Visitor: 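What follows is a single structure, and I will ask about it in a moment.
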2 protein chains.
Amino acid sequence: MSCGKRLAEQLHERGYRVTAQRTIILETIAHMENHISAQQVYEGARERLPGLNLATVYRTVESLKGAGMINMLSTGGEPMRFSLCDPEHPHSHLVCRECGSIFELEAEEIEAFARRVEETTSFRIDSVHLTLEGLCQICKQKPAAS
Amino acid sequence: MSCGKRLAEQLHERGYRVTAQRTIILETIAHMENHISAQQVYEGARERLPGLNLATVYRTVESLKGAGMINMLSTGGEPMRFSLCDPEHPHSHLVCRECGSIFELEAEEIEAFARRVEETTSFRIDSVHLTLEGLCQICKQKPAAS
DNA sequence: TTCGTAGTTGCAAAGATTTGCATAAACTTA
DNA sequence: TAAGTTTATGCAAATCTTTGCAACTACGAA
């Protein structure tokens, strides 16, 4: 089955309507190596769906996040960026505030943490948004910039 | 020593310049019970400093975050909100996506997690931004809305 | 296959946040 | 305390994101 079709099926299973816009936006995000901004999604997806509107991109990524199909990443100051969730390989982000590089972090321990929080608070946790900021191995060896 | 003076001193110790804007913005955030939006900070602080500009509020909270003096909280869709860091009592947030209520979460375990990440990745972690979303005890008992 | 309902989209406008630049203020040093 | 350097501020404009509303479309039921 094609990548787009499988994604559309997942969307449907989770109770979301499958539209051309959603399918194409999802494929656009899926085919990107790195995290991609709303503007980039818009430009990429519009090549295949010229009438697409930027507001639709924003509403769609919000839905896709609700469906647990994409990750959102916000690094200080810069616009939000998105990437496809890989259910086999959940992760959180490690952002270097000096050089901006992004590392991914396995989330098993965060999952375990979330389950523990559920027990102590009676919350039902749906999504864990974790971003760690700091200095990467290279930048932390340089003298402080300021 | 007054609250504002103590905060200004902390700011100075961390290498940031102490200006009237920063002091008043910091006090405005400190005197709020709950998390407060940029607009609210602006309105509150402007009563004491009429010439204050909204852009300054945004730049200031960015600096204050860099200084580790405030927490930022983003709940899906809504504008960013801020609160004073309490070093005796670090915390992360638990947001109910149904009723919007916010709970605070002790962060000892997150701290421990961050230290472990430092060991495995050679990163130096400065800030941990964690927001957990889900359903609170009350909302999870209601039937699904959609 | 057709119909009805509820969820989606496009558009335009509003709201939130960031940025460039000239001016002003804070802090260091003498 | 005055001068010089560096950083912060205000303003206006740009950018990013959300929202209201009318038209449209997906999809379950008939």
Side-chain angles (χ1 to χ4, degrees), chain A residues 4-5 7-26 35-43 45-46 48-67 69-70 72-82 100 144-146, chain B residues 5 8-26 28 35-43 45-46 48-67 69-70 72-82 97 100 144-146:
Chain A
K5 222 164 188 171
L7 292 169
E9 206 161 85
Q10 273 182 43
L11 204 50
H12 187 244
E13 278 166 12
R14 296 173 196 201
Y16 291 80
R17 291 199 178 169
V18 176
T19 66
Q21 288 84 342
R22 286 181 176 173
T23 308
I24 288 175
I25 287 171
L26 203 40
H35 294 77
I36 178 178
S37 70
Q39 188 64 42
Q40 288 174 304
V41 173
Y42 175 59
E43 286 163 15
R46 210 155 61 134
R48 295 172 54 199
L49 198 67
L52 182 67
N53 193 280
L54 186 53
T56 300
V57 173
Y58 280 103
R59 279 188 286 226
T60 299
V61 294
E62 195 56 42
S63 302
L64 295 176
K65 184 185 131 207
M69 297 185 69
I70 63 171
M72 294 174 110
L73 167 66
S74 60
T75 67
E78 280 172 35
M80 190 72 85
R81 289 186 290 159
F82 321 98
S146 59
Chain B
K5 224 168 187 168
E9 206 162 86
Q10 273 181 43
L11 204 50
H12 186 246
E13 279 166 11
R14 297 174 196 200
Y16 291 79
R17 289 194 180 172
V18 176
T19 65
Q21 287 85 342
R22 286 181 176 174
T23 307
I24 289 175
I25 287 171
L26 205 38
T28 304
H35 293 78
I36 179 179
S37 69
Q39 189 63 43
Q40 288 173 304
V41 172
Y42 175 59
E43 285 163 15
R46 209 154 62 135
R48 296 171 55 200
L49 197 67
L52 183 66
N53 192 280
L54 186 52
T56 301
V57 173
Y58 281 103
R59 279 188 284 226
T60 299
V61 294
E62 194 56 41
S63 302
L64 295 175
K65 186 186 131 208
M69 297 185 69
I70 63 171
M72 295 174 111
L73 167 66
S74 61
T75 67
E78 280 173 35
M80 191 72 86
R81 289 186 291 158
F82 320 98
R97 69 174 153 74
S146 58

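Each chain gets a letter, A, B and so on, in the order its sequence line appears, and its residues count up from 1. Just so it is clear, the structure is predicted and the values come from calculations on it, not from any experiment. Reckoned from all heavy atoms, side chains included, excluding hydrogens, waters and symmetry mates.
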Visitor: Rounded off to whole Å, could you give me the CG-to-P distance for the A/Leu54 and D/dT17 pair?
Guide: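 Taking CG of A/Leu54 and P of D/dT17, I get 8 Å after rounding.
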Visitor: How many angstroms lie between atom CD1 of B/Ile36 and atom CG of B/Leu73, to the nearest 0.5 angstrom?
Guide: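 CG of B/Leu73 is found 13.0 Å from CD1 of B/Ile36.
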Visitor: In whole angstrom, what separates A/Tyr58's OH from D/dT15's C1'?
Guide: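 From A/Tyr58 OH to D/dT15 C1': 9 Å.
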Visitor: Just call it for B/Thr60: base, sugar-phosphate, or nothing, with non-hydrogen atoms closer than 4.0 Å on any strand.
Guide: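 Result for B/Thr60 = sugar-phosphate.
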Visitor: Select base, sugar-phosphate, or nothing to describe what A/Arg22 touches, counting heavy atoms under 4.0 Å on all strands.
Guide: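 Sugar-phosphate only.
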Visitor: How close or far is atom C1' of D/dT15 from atom CD of A/Glu43, stated in whole angstroms?
Guide: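 It works out to 13 Å between those atoms.
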Visitor: Return no unless some side-chain N or O of A/Asn53 is found under 4.0 Å from OP1 or OP2 of C/dT9.
Guide: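 Checking A/Asn53 against C/dT9: no side-chain N or O falls below 4.0 Å of OP1 or OP2.
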Visitor: Let me know the distance between CE of A/Met80 and P of C/dA16, rounded to the nearest Å.
Guide: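 Whole-Å distance recorded here is 16 Å.
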Visitor: Under 4.0 Å: is that the gap between some side-chain N or O of A/Gln21 and OP1 or OP2 of D/dT25?
Guide: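 No, outside the criterion.
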Visitor: Are any of B/Thr19's side-chain N or O atoms less than 4.0 Å away from OP1 or OP2 of D/dT7?
Guide: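 No, because none of the side-chain N or O atoms of B/Thr19 sits under 4.0 Å from OP1 or OP2 of D/dT7.
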Visitor: Say you draw a straight line from NE2 of A/His12 to CZ of A/Arg22; how long is it, rounded to the nearest 0.5 Å?
Guide: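 If we round to the nearest 0.5 Å, A/His12:NE2 and A/Arg22:CZ are 11.5 Å apart.
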Visitor: Measure the spacing between OG1 of B/Thr56 and CD1 of B/Ile25 and express it to the nearest 0.5 Å.
Guide: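 Atom-to-atom, B/Thr56:OG1 and B/Ile25:CD1 are 6.5 Å apart.
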Visitor: Given that B/Tyr16 and B/Gln39 both sit by DNA chain C, which one's nearest nucleotide is further toward the 5' end?
Guide: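 The residue closer to the strand's 5' end, by nearest nucleotide, is B/Gln39.
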Visitor: Distance check needed: C/dT17 P versus B/Phe82 CZ, whole Å only.
Guide: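 Checked: the CZ to P distance equals 7 Å.
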Visitor: Expressed as a whole number of angstroms, how long is the span from B/Tyr42:OH to D/dT9:P?
Guide: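 Those two atoms, OH and P, are 14 Å apart.
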Visitor: Considering heavy-atom distances to DNA chain D, does A/Ala55 or A/Arg17 have its closest nucleotide positioned more toward the 5' end?
Guide: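 It is A/Ala55 whose nearest nucleotide is closer to the 5' end.
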Visitor: Can you tell me how far P of D/dT25 sits from NE2 of A/His12, to the nearest Å?
Guide: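 Atom NE2 in A/His12 sits about 18 Å away from atom P in D/dT25.
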Visitor: Rounded to the nearest 0.5 Å, how far apart are CZ of B/Phe82 and CD of B/Gln40?
Guide: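 The CD atom of B/Gln40 is 10.0 Å from CZ of B/Phe82, to the nearest 0.5 Å.
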Visitor: Distance check needed: C/dG10 C1' versus A/Leu52 CG, whole Å only.
Guide: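 From A/Leu52 CG to C/dG10 C1': 10 Å.
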Visitor: Establish whether the base of D/dG10 is bridged to the side chain of B/Arg59 by a donor-acceptor pair shorter than 3.5 Å.
Guide: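 Looking at the base of D/dG10, it does pair with a donor or acceptor on the side chain of B/Arg59 (distance under 3.5 Å).
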Visitor: Rounded to the nearest 0.5 Å, what's the gap from CD1 on A/Ile70 to OG1 on A/Thr60? Could you check?
Guide: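 Taking CD1 in A/Ile70 and OG1 in A/Thr60, the distance rounds to 9.0 Å.
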